[in-house]
Protein chains: 2
Amino acid sequence: MRFTSQTSRDGVTEQLFTLGEIPGALWTPDGAAGARPLILLGHGGGQHKLAPGMVARARRFVAECGYAVAAVDVPGHGDRPTDPEYDRIATGNQARVDAGEDLAPLIAGFQALVARRTVPEWRAVLDAVQGLDHVGAGPVGYWGVSLGCGLGVPFVAAEPRVRAAVLGLGGALASAEAAARITVPVEFLVQWDDERVPRAQSLALFDALASAEKTLHANPGRHGEIPAHELDSSVRFFARHLG
Amino acid sequence: MRFTSQTSRDGVTEQLFTLGEIPGALWTPDGAAGARPLILLGHGGGQHKLAPGMVARARRFVAECGYAVAAVDVPGHGDRPTDPEYDRIATGNQARVDAGEDLAPLIAGFQALVARRTVPEWRAVLDAVQGLDHVGAGPVGYWGVSLGCGLGVPFVAAEPRVRAAVLGLGGALASAEAAARITVPVEFLVQWDDERVPRAQSLALFDALASAEKTLHANPGRHGEIPAHELDSSVRFFARHLG
């Protein structure tokens, strides 16, 4: 793990790093010492670790809860090189949608493919970040919607250190099988008028989660229009489950 | 409006009253003076204005937000005389359920009948309570699930003083038409394994609300098993919309 920059603003320190070929960001309270809860943020499709919504969420969790927050670029996103295989699939999928094919199964297949790389990558990032003195081996949370849900469901299912997760904007087609192995508390976000994920698919993914404690929050609006009060709710959800 | 008792505990004053034939309870901060937001609580079927869950909710809203809270007994409930017509219908409905008929349409019909009495009663209670110096004409919220939703939807639709409502455990069969006239923010509670309200009926009622700002919270469990964290959420919802 190699740190490449460190900045501080409003009491929150942001460190950029690379772990092998994975570029990442870590946010912690200024002067943090000792173990604390850690939240891993998964970004959406076409976004990256420093997209404005990602940074805003990270800063909230650090400033309000004193947590550490980490995010990394998904292959083909942010500071990572374009991936010829992913590009070929994306171009092919676009052509199939233009020809009238359903979008949801294509998204599902693509996310399953990418998850085979990101699950081990994210577990390695967790190992490295938790090895730092100012993060340590506290409880871990995961926050990710859309692509961050498609990649997050298999990650949360595979990683016993994750104790609570905010997921959403994803469907059962992509993720039901892995969701059935998730038993930690989940807050699940649905956009009621989502143009990318059919409503029934969203509800079916919530239904598939094996968690005894899960809560679905649905709001009107399209895929990208999660209302601001849901971030307040995420803060409280993690405070409830990570301490 | 006639007050029949006044007690105080932990900073919250509870006054019992009657307005004509309607028995009610009013909770306010000890020593309250001047106008404040008011929340009207609707109780569930078989419950009453002083059921433990009602009192707990009322005390939370008063202690945390400084609001006034009022609740009255629905006809045939609490301190009100049994109603021969309602009794006859309830007995008849039970016989029809025992004979294999669906419960949901019977509940819907019964709630529509009772709402024709409770809507004008609750509006009269609002007039009277808002006439008190320590309540005044501040913004009004409504909280009611199950029977409190069946009666609450037509009330919120009819009463322009209501600025925000928590509703739920109710279905479209009973309430979709009135719900389509509701435009204020709504937080809508669904129990995912509700044995009384079919899931599709619950989702359809949420869908029917005309509110631009509405949020659905679904949790696993049966009709009566709303998790405790939803009361925290109700407190924040009203704080957001009533100030």
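Computed from a predicted model, the values in this text were never measured in an experiment.
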So does B/E177 have more than 12 non-hydrogen atoms from other groups sitting under 6.0 Å from CD?
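It does not: B/E177 CD has 12 such atoms or fewer within range.
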B/R222 atom CZ, neighbour heavy-atom count above 12 within 6.0 Å:
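No, because the 6.0 Å sphere around CZ of B/R222 holds 12 heavy atoms or fewer from other groups.
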For B/K214 and A/N219, the nearest pair of non-hydrogen atoms, with its separation, is O-OD1, 3.4 Å
Closest non-hydrogen atom pair, A/P220 against B/A212
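Smallest heavy-atom distance, with atoms named: CG-O, 3.6 Å.
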Is [X] close to chain B through its backbone or its side chain, or both, or neither, when contacts mean heavy atoms under 4.5 Å?
| X | value |
| --- | --- |
| A/E187 | neither |
| A/F206 | side chain |
| A/D207 | both |

From CA spacing to verdict: side chain to side chain contact (heavy atoms under 4.5 Å, CB included), B/H229, A/R236
CA-CA 10 Å; B/H229 62 78; A/R236 289 185 300 261; over 6 Å; no
Would you call the rings of A/H217 and B/H217 parallel, tilted or perpendicular, taking 30° and 60° as the class edges?
parallel
Quick check for you: to the nearest 0.5 Å, what is the distance between A/R199 atom CZ and B/L203 atom CG?
8.0 Å
